[in-house]
Amino acid sequence: MAKPDDDIPFFGDEEPRPAPASGGIAARAMAARGADRPAVAYLDGLNPEQTEAIETIEGPVLVLAGAGTGKTRVLTTRIAHIISTGRAWPSQILAVTFTNKAAREMKERIGFLVGQAVEGMPWLGTFHSIGVKLLRRHGELVGLRSDFTILDTDDVIRLVKQLIRAEGLDDKRWPARQFAHMIDGWKNKGLGPADIPEGDARAFANGKGRELYTAYQERLKTLNACDFGDLLLHPIRVFREHPDVLKEYHAKFRYILVDEYQDTNTAQYMWLRLLAQRPEAARGKDGGTGGVNICCVGDDDQSIYGWRGADVDNILRFEKDFPGARVIRLERNYRSTAHILGAAGHLIANNEGRLGKTLFTESEDPDAEPVNVHAAWDSEEEARAVGEEIEQLERDGHSLSDMAILVRASFQMREFEDRFVTLGLNYRVVGGPRFYERLEIRDAMAYLRVVAQPSDDLAFERIVNTPKRGLGEATVRQVHDYARARDMPMLQAAGELVQTDEIKAKPRKSLGDVVSDFRRWRDLMDSTKHTDLAEQILEESGYTEMWQNDRSAEAPGRLENLKELIRSMEEFESLPAFLEHIALVMDTDRNEQMDAVNLMTLHSAKGLEFETVFLPGWEEGLFPHQRALDEGGRSGLEEERRLAYVGLTRAKRRVHVWFVSNRRIHGMWQSTLPSRFLDELPEDHVSVAEMETSYGGYGRNHSGGPYGTSRFDRMGTSADPFTNAYETPGWKRAQKNRTDATRTNWGTRSGHAVERIAYGESGPAGRTIEGELVAKSTSDTPSEFSLGERVFHMKFGNGNIAAIEGNKLTIDFDKAGRKRVLDGFVERT
DNA sequence: AACGATCACCAACTC
DNA sequence: GGTGATCGTT
């Protein structure tokens with residue numbers, strides 16, 4: 001086997017092996033070579049299916065790996081196996097993942113198996129980071145210089161907005177965000193401006209869709225920039241238009257592995273096919289093995305990215321694409337209790353079009369808890385109750401890091417955060433609002449981008465007048481127009497303009513200063529350490545000073561973040577390397593070692609596991625998400641169900657599902673119905689929480705509070721909206737529990753009051769609460785209240801009606817101030 | 001040109 | 001609840 005040029009020293013069959021890393025499994029594996037099976041130690045402890053998935057090295061393989069069945073172990077061991085048996089150099093293995101986290105984890109675990117050799121795997125990464133690597137080499141074939149920049153969604157939207165305005169269109173009527181989203185969708189499908197369907201092209205901006213898309217691509221080219229979609233599309237173009245280049249990679253990548261195959265979109269699929277389907281293999285000249293050594297690992301039940309273009313069909317049609325493919329199912333679960341698996345399996349069985357797997361576990365745990373379902377009045381109480389449960393678990397000796405709260409939508413996080421702050425409970429937001437998205441970080445990055453890449457107009461425009469330098473809209477536009485007219489970067493245009501007298505004296509001076517600043521910084525780039533340079537730039541530009549003079553509450557935090565930014569640059573060797581990292585790797589994993597509760601969305605929970613999982617917000621409209629239902633119809637619902645499945649299967653031992661009766665959405669309180677998914681959980685594996693375990697104490701406290709009313713009363717009413725829709729035995733038991741608890745604890749007086757609050761004066765039968773949005777379903781009905789009327793709201797207390805819009809009331813509350821609420825939630829006093 | 005106040009609109013998630 | 005856009009003011 002010839003050693004590839006870009007490989008690092010490692011062992012091959014003919015070469016002496018370096019001393020293996022001590023304790024490395026590979027070391028033991030090599031020592032054990034020649035013995036009977038398991039021939040190598042790293043295959044110890046694997047079940048037969050896993051072993052098959054690892055040892056079937058030649059030819060196409062699809063591994064259908066259910067949740068918790070050792071998917072990552074199979075992938076990493078397979079790679080270790082390929083390397084250890086000398087079938088390929090580390091650099092000859094292409095291993096793609098979707099997230100940086102997955103790539104990082106895989107790299108770490110391969111490191112445990114093969115030691116140093118993992119450092120020789122340059123082609124282990126996300127689709128996008130590998131795309132960047134390809135384009136740095138071959139970008140010129142599609143008109144990109146090798147120092148191109150990568151635009152994030154924010155940049156894209158700003159750019160699209162400029163283009164929409166340049167076309168003389170109203171950017172209100174045709175929102176840039178929407179068009180950016182459309183472009184992204186086209187790119188996910190592998191469509192360039194010429195390829196998009198006529199209907200799509202006409203759908204936006206009076207038929208100017210295609211024109212705009214073309215203009216957008218043109219603009220990217222002049223900016224020497226790529227958006228995320230281009231990181232996939234450009235390599236595809238290179239491969240298609242330059243067979244010699246493709247051939248080079250065919251020879252290079254002897255083994256291809258794909259993680260989370262069910263999440264590949266069409267462009268990624270095209271990309272993979274180009275690399276995996278070799279013409280010589282098709283002609284049968286490749287040693288009879290079929291030649292396509294591709295191994296895709298995935299789980300159709302965990303496909304949750306349909307809305308961003310992932311195509312489940314990719315996994316469903318694998319066998320057609322790669323004839324002779326071996327399909328291996330991993331169904332033995334090593335993570336969860338039988339209760340959790342039972343609940344998840346029963347839920348997901350409601351989906352059609354599955355490849356079909358049934359997870360099982362062999363561990364028998366007599367103490368295992370069923371899945372717990374809880375009800376709460378509103379999201380605030382939900383957060384409080386979850387907080388209590390967490391504290392109880394903590395007192396029982398569980399560590400916070402073993403618990404996670406998985407929400408459907410990120411806005412749900414705030415209430416938990418608020419609660420945890422009050423409790424002094426450590427928490428960690430995983431994948432939440434990211435560091436790089438912060439205003440000050442983006443500003444600082446813009447400075448660095450202009451220095452590293454003077455043609456980066458988007459970055460230039462962002463900071464040309466930040467801090468304020470007296471360069472207003474008028475001046476910036478002048479520079480912009482000058483640049484566009486001469487097809488040059490704005491920085492250069494600014495440099496030329498200040499030589500002329502086209503600009504008034506004041507802005508001319510500041511613009512000149514900016515230009516010479518950037519010139520100076522740029523000259524320093526080669527001679528100064530990038531961290532020092534960054535510090536110098538922030539200092540000399542007046543940017544840090546701007547925040548030092550800012551007396552707002554956030555300013556100190558922002559300065560802290562800027563320091564953090566400089567610190568995080570340390571580990572990169574150069575400014576460009578750092579900028580690329582930021583563009584692609586948007587997470588900073590700080591505080592990983594702290595013991596803290598994990599808070600994240602269901603999407604970002606995929607691939608993780610926790611002892612205890614809290615799943616709040618199981619309500620119609622939120623989960624399943626209304627938008628998924630509206631846009632995706634049945635398949636949208638199925639995707640939501642898979643998301644629920646992902647949530648449940650994250651748990652090893654305990655699951656607590658919550659739903660609330662009232663949730664505030666867009667600042668308005670809305671009544672909600674429990675999610676249909678609750679109904680799809682099997683009774684055998686579910687227990688509906690008894691009142692005293694989850695509601696005791698604090699509910700009572702509130703009944704004595706300023707607003708007087710207990711919050712659970714509504715549930716005990718005979719007209720309970722849940723009754724009709726939810727007939728399962730488990731559900732009835734839940735009703736019964738609620739009823740009993742209500743009656744015993746709080747009596748009926750407030751029950752009556754709340755009943756009216758919940759249904760308004762028209763009575764329970766008249767106004768059906770229509771699941772997701774009461775506001776929508778009843779907006780035609782004029783409100784029965786009148787202006788100035790004195791009303792009572794159970795959360796906000798007494799107030800006067802200031803305005804009426806259908807059934808939405810604007811009320812000036814005595815204590816809570818002005819709020820907008822639905823009329824169903826207030827009563828006359 | 002800069003600033004502060006008010007308003008409209010939005011809020012799945014990843015690279 | 002937060003943000004960006006817009007308007008009126010200096």
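Naming convention: chains lettered A, B, ... in sequence-line order (proteins, then strands); numbering from 1 in each chain. Everything numeric in this text was worked out from a predicted model, so none of it was measured.
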Contact class for A:A474 vs. all strands (heavy atom < 4.0 Å): base, sugar-phosphate, or nothing?
-> sugar-phosphate

Which atom names give the shortest non-hydrogen contact between A:V96 and A:L272, and what distance separates them?
-> CG2-CD2, 4.4 Å

Heavy atoms, side chains only, cut-off 4.5 Å: are A:F659 and A:E382 in contact?
-> no

Using only side-chain N and O atoms of A:N465, determine if any of them is under 4.0 Å from OP1 or OP2 of B:dA1.
-> no

Describe the nucleic acid contact of A:R408 in one word from base, sugar-phosphate, nothing, applying a heavy-atom distance below 4.0 Å.
-> base

Whole-Å distance between C:dG2 C1' and A:R414 CZ?
-> 10 Å

OP1, OP2 of B:dT14 versus side-chain N and O of A:N188: anything below 4.0 Å?
-> no

Would you kindly give the CG-to-C1' distance between A:L629 and B:dA12, to the nearest whole Å?
-> 12 Å

Give the nucleotide from the list B:dA12, B:dT14, B:dA1 with an atom nearest to the side chain of A:T475.
-> B:dA1

Picking from B:dA2, B:dT14, B:dC15, which would you name as closest to the side chain of A:K468?
-> B:dA2

For A:F98 and B:dC15, give me the distance from atom CZ to atom C1', rounded to whole Å.
-> 10 Å

Under a 4.5 Å cut-off applied to non-hydrogen side-chain atoms, are A:R158 and A:R462 in contact?
-> yes

Give the rounded distance in Å between these two atoms: CG of A:L233 and C1' of B:dC15.
-> 13 Å

Using only side-chain N and O atoms of A:R664, determine if any of them is under 4.0 Å from OP1 or OP2 of C:dG1.
-> yes

What's the CG-P distance between A:D230 and B:dC15, to the nearest Å?
-> 18 Å

Distance, rounded to the nearest Å, where A:R663 contributes CZ and C:dG1 contributes C1' | 15 Å

Report yes or no: is the cationic atom of A:R136 (NZ for Lys, CZ for Arg) closer than 6.0 Å to the six-membered ring centre of A:F148, at no more than 45° off its axis?
-> yes

Specify the residue among A:E639 and A:H128 whose closest nucleotide of DNA chain B lies further upstream toward the 5′ end.
-> A:E639

Quick one: label A:E640 by what it contacts on the DNA or RNA (base, sugar-phosphate, nothing), any heavy atom closer than 4.0 Å.
-> base

Nucleotide B:dC10, atom P - distance to NE2 of A:H181 in whole Å | 14 Å

Enter the distance from A:H234:NE2 to A:I236:CD1 here, rounded to the nearest 0.5 Å.
-> 11.0 Å

Taking OP1 and OP2 of B:dC15, is either one under 4.0 Å from a side-chain nitrogen or oxygen of A:S129?
-> no

note: A:F416, atom CZ; C:dG1, atom P; distance rounded to Å ~ 16 Å

Strictly under 6.0 Å, is that where the ring centroids of A:F614 and A:W658 end up?
-> no

Is it the case that A:Q453 and A:D456 place a side-chain donor and acceptor less than 3.5 Å from each other?
-> no

Does a salt bridge link A:K189 with A:D311, judged by any charged N lying under 4.0 Å from a carboxylate O?
-> no

Return the nearest nucleotide to the side chain of A:S604; candidates are B:dC15, B:dA12, B:dT14.
-> B:dT14

Show each protein N/O and nucleotides 4-7 of chain C N/O combination with a separation under 3.5 Å, one pair to a line.
| unit_1 | atom_1 | unit_2 | atom_2 | d |
| --- | --- | --- | --- | --- |
| C:dA5 | OP1 | A:K161 | NZ | 3.0 |
| C:dT6 | OP1 | A:K172 | NZ | 3.3 |

